[in-house]
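Read the structure below first, then the notes.
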Amino acid sequence: MPQLFTCLWYSESWPRANSKIQRLACSSVCMPMSKHGLSTSVLICAVLLLAADRSHARKHEHYGEGFSIDLTQPYEKVLDVVQQITNDGIIRGTFQYKGTEQLDGAESANSSSAFSSWTGQGKVLYKIRPHTLSPEHFYQSNDEGTVTVRYIVEPLPPSGTRLRIDAVFVEATLRKRHASDGQVENSEFEAVSAKMQDLEEADAKGREKLLHDQQQRQLEELQAQLDQETTQLMEVTAKEQQLEHQMQQQQSLHTARVKSASADLKAEPYNKSKTMRLLSQGDQLTVLVETPAWLRVQTASGEQGWVYRLMLEVTP
């Protein structure tokens, strides 16, 4: 029986990542087989090639898509945070040596030839890391080149912000572009998000401290007002107590009447003291102080002095 040969070829343009599967499918490029096994062989090879093609599609379906998100934070705040990230000297989500997790030595820039000019609104910032050797998470990256991350910050009405992040690796010699699988963009946004969260927490603490300080000042003002009112109340209470004491003294005072034809109102309670005036019989007096022999009295005109006790008639 004559033998039949089936020959399967794959295009050199297919990615090298799938070459093992393709070589498996075509391990017998020219393989003798019977008519009975021809259809089965062709079917197996077709399935293997289809699997290789699908594997390639799944592996690279996210390359070059970039990252975009709409934020509720205001434009100026997001722009400030992104500027801080572009100046931190780090490109996250990729590395060139095993045992590392990021690219150090990155520089901020206002322009880059790695991307076409941006014609939309907002501001575009770049972070560049030259002299990078075959960085991870870029499609089929090899050779030495430059990793460039682009950040587009757009105002989003009425008060939000749209942030887009893209990353690419460009070979230094052939200028071939290698798209990112999204790991760089996601990692850079995580840094932006963490920085914004730190700022929001700091703002919240600042507002909390401001509120606490305002409440403390109000409390101190109320305490000062309370102290002042307490002092005034104490003064009023002391005045009332003084008036009550005076009233009690007035109520406890006796009155007296001059019973002799006349009586001397002395400056001191003894006979040789100076006579201030002469009192007439029947003059009404208020007794202020009593001693066994003398009484200190006050006249109706308010004059005070001492009178010998036997000259007066004291009424209860």
Side-chain angles (χ1 to χ4, degrees), residues 57 60-95 101-132 135-141 145-172 174-208 210:
H60 303 294
E61 61 183 355
H62 297 299
Y63 280 100
E65 290 187 359
F67 178 92
S68 180
I69 188 172
D70 293 341
L71 304 171
T72 58
Q73 287 82 357
Y75 169 77
E76 295 296 337
K77 185 174 183 178
V78 176
L79 179 61
D80 179 65
V81 171
V82 172
Q83 286 175 332
Q84 295 181 45
I85 296 299
T86 58
N87 291 320
D88 63 11
I90 300 170
I91 294 181
R92 302 162 182 83
T94 183
F95 57 89
E101 298 180 352
Q102 59 192 20
L103 290 177
D104 298 325
E107 302 173 353
S108 62
N110 294 322
S111 62
S112 173
S113 59
F115 294 93
S116 59
S117 300
W118 174 252
T119 58
Q121 295 181 338
K123 188 173 180 63
V124 182
L125 303 171
Y126 299 89
K127 185 157 53 173
I128 299 173
R129 208 294 190 172
H131 309 298
T132 305
E136 291 293 323
H137 299 293
F138 289 92
Y139 178 60
Q140 291 187 341
S141 63
T146 300
V147 175
T148 304
V149 183
R150 180 181 67 173
Y151 311 81
I152 302 176
V153 186
E154 300 178 75
L156 191 64
S159 59
T161 306
R162 175 169 294 162
L163 173 62
R164 178 177 177 84
I165 305 176
D166 300 282
V168 67
F169 171 67
V170 180
E171 294 179 12
L174 300 178
R175 304 300 299 171
K176 184 178 179 180
R177 292 169 56 89
H178 301 269
S180 166
D181 64 358
Q183 186 67 27
V184 174
E185 293 91 331
N186 291 336
S187 299
E188 286 296 296
F189 175 71
E190 288 177 3
V192 172
S193 179
K195 178 72 71 173
M196 293 184 64
Q197 184 176 357
D198 291 342
L199 291 177
E200 290 176 355
E201 290 178 356
D203 291 343
K205 290 181 179 179
R207 290 191 298 269
E208 183 178 352
L210 179 62

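Checked by atom type and distance alone, the side chain of Thr148 never pairs as donor or acceptor with a backbone atom of Ala114 at under 3.5 Å. The backbone N or O of Asp181 sits nowhere less than 3.5 Å from a side-chain atom of His137 that would complete a donor-acceptor pair. Here the side chain of Asp80 pairs no donor or acceptor atom with the backbone of Glu76 at under 3.5 angstrom. Proximity of a side-chain donor or acceptor of Arg162 to a complementary backbone N or O of Ser68 within less than 3.5 Å is not detected.
Annotation: cation-pi geometry not satisfied between Arg164 and Phe189 (NZ/CZ under 6.0 angstrom from ring centroid, within 45° of ring axis).
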Under the ring pair (Phe, Tyr, Trp, His ring centres under 6.0 Å) criterion, do Phe138 and His178 qualify, and how do the steps go? CA-CA 6 Å; Phe138 289 92; His178 301 269; 8.2 Å; no
How far apart are the C-alpha atoms of Gln102 and Thr94, what are their side-chain angles, what is the distance that settles it, and do they pass the side-chain hydrogen bond (donor to acceptor under 3.5 Å, both in side chains) test? CA-CA 5 Å; Gln102 59 192 20; Thr94 183; over 6 Å; no
Give the intermediate values and the outcome of side chain to side chain contact (heavy atoms under 4.5 Å, CB included) for residues Ile85 and Asn87. CA-CA 5 Å; Ile85 296 299; Asn87 291 320; over 6 Å; no
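Counting only heavy atoms from C-beta outward, the side chains of Glu154 and Thr161 never approach each other to under 4.5 Å. Looking at heavy atoms from C-beta onward, Val147 lies out of side-chain contact with Ile128 at the 4.5 angstrom threshold. Using a 4.5 Å heavy-atom cutoff, the side chains of Glu101 and Phe95 are not in contact.
A salt bridge links Lys127 to Asp88: one of the charged nitrogens lies within less than 4.0 Å of a carboxylate oxygen. Classification of Glu171 and Lys176 as a salt-bridged pair fails, no side-chain N sitting under 4.0 Å from a carboxylate O.
Here the straight-line distance linking atom CD of Gln73 with atom CG of Leu199 works out to 10.0 Å at 0.5 Å rounding.
A donor-acceptor pair shorter than 3.5 Å cannot be found between the side chains of Glu107 and Tyr126.
Environment of NZ in Lys123: sparse, with no more than 12 heavy atoms of neighbouring residues, nucleotides or ligands closer than 6.0 Å. Residue Glu200 places its CD atom among more than 12 non-hydrogen atoms of other residues, nucleotides or ligands, all under 6.0 Å distant. Around atom CD of Gln83, more than 12 heavy atoms belonging to other residues, nucleotides or ligands sit under 6.0 Å away. Annotation for Glu201: atom CD counts as buried by contact number, over 12 foreign heavy atoms lying within 6.0 Å.
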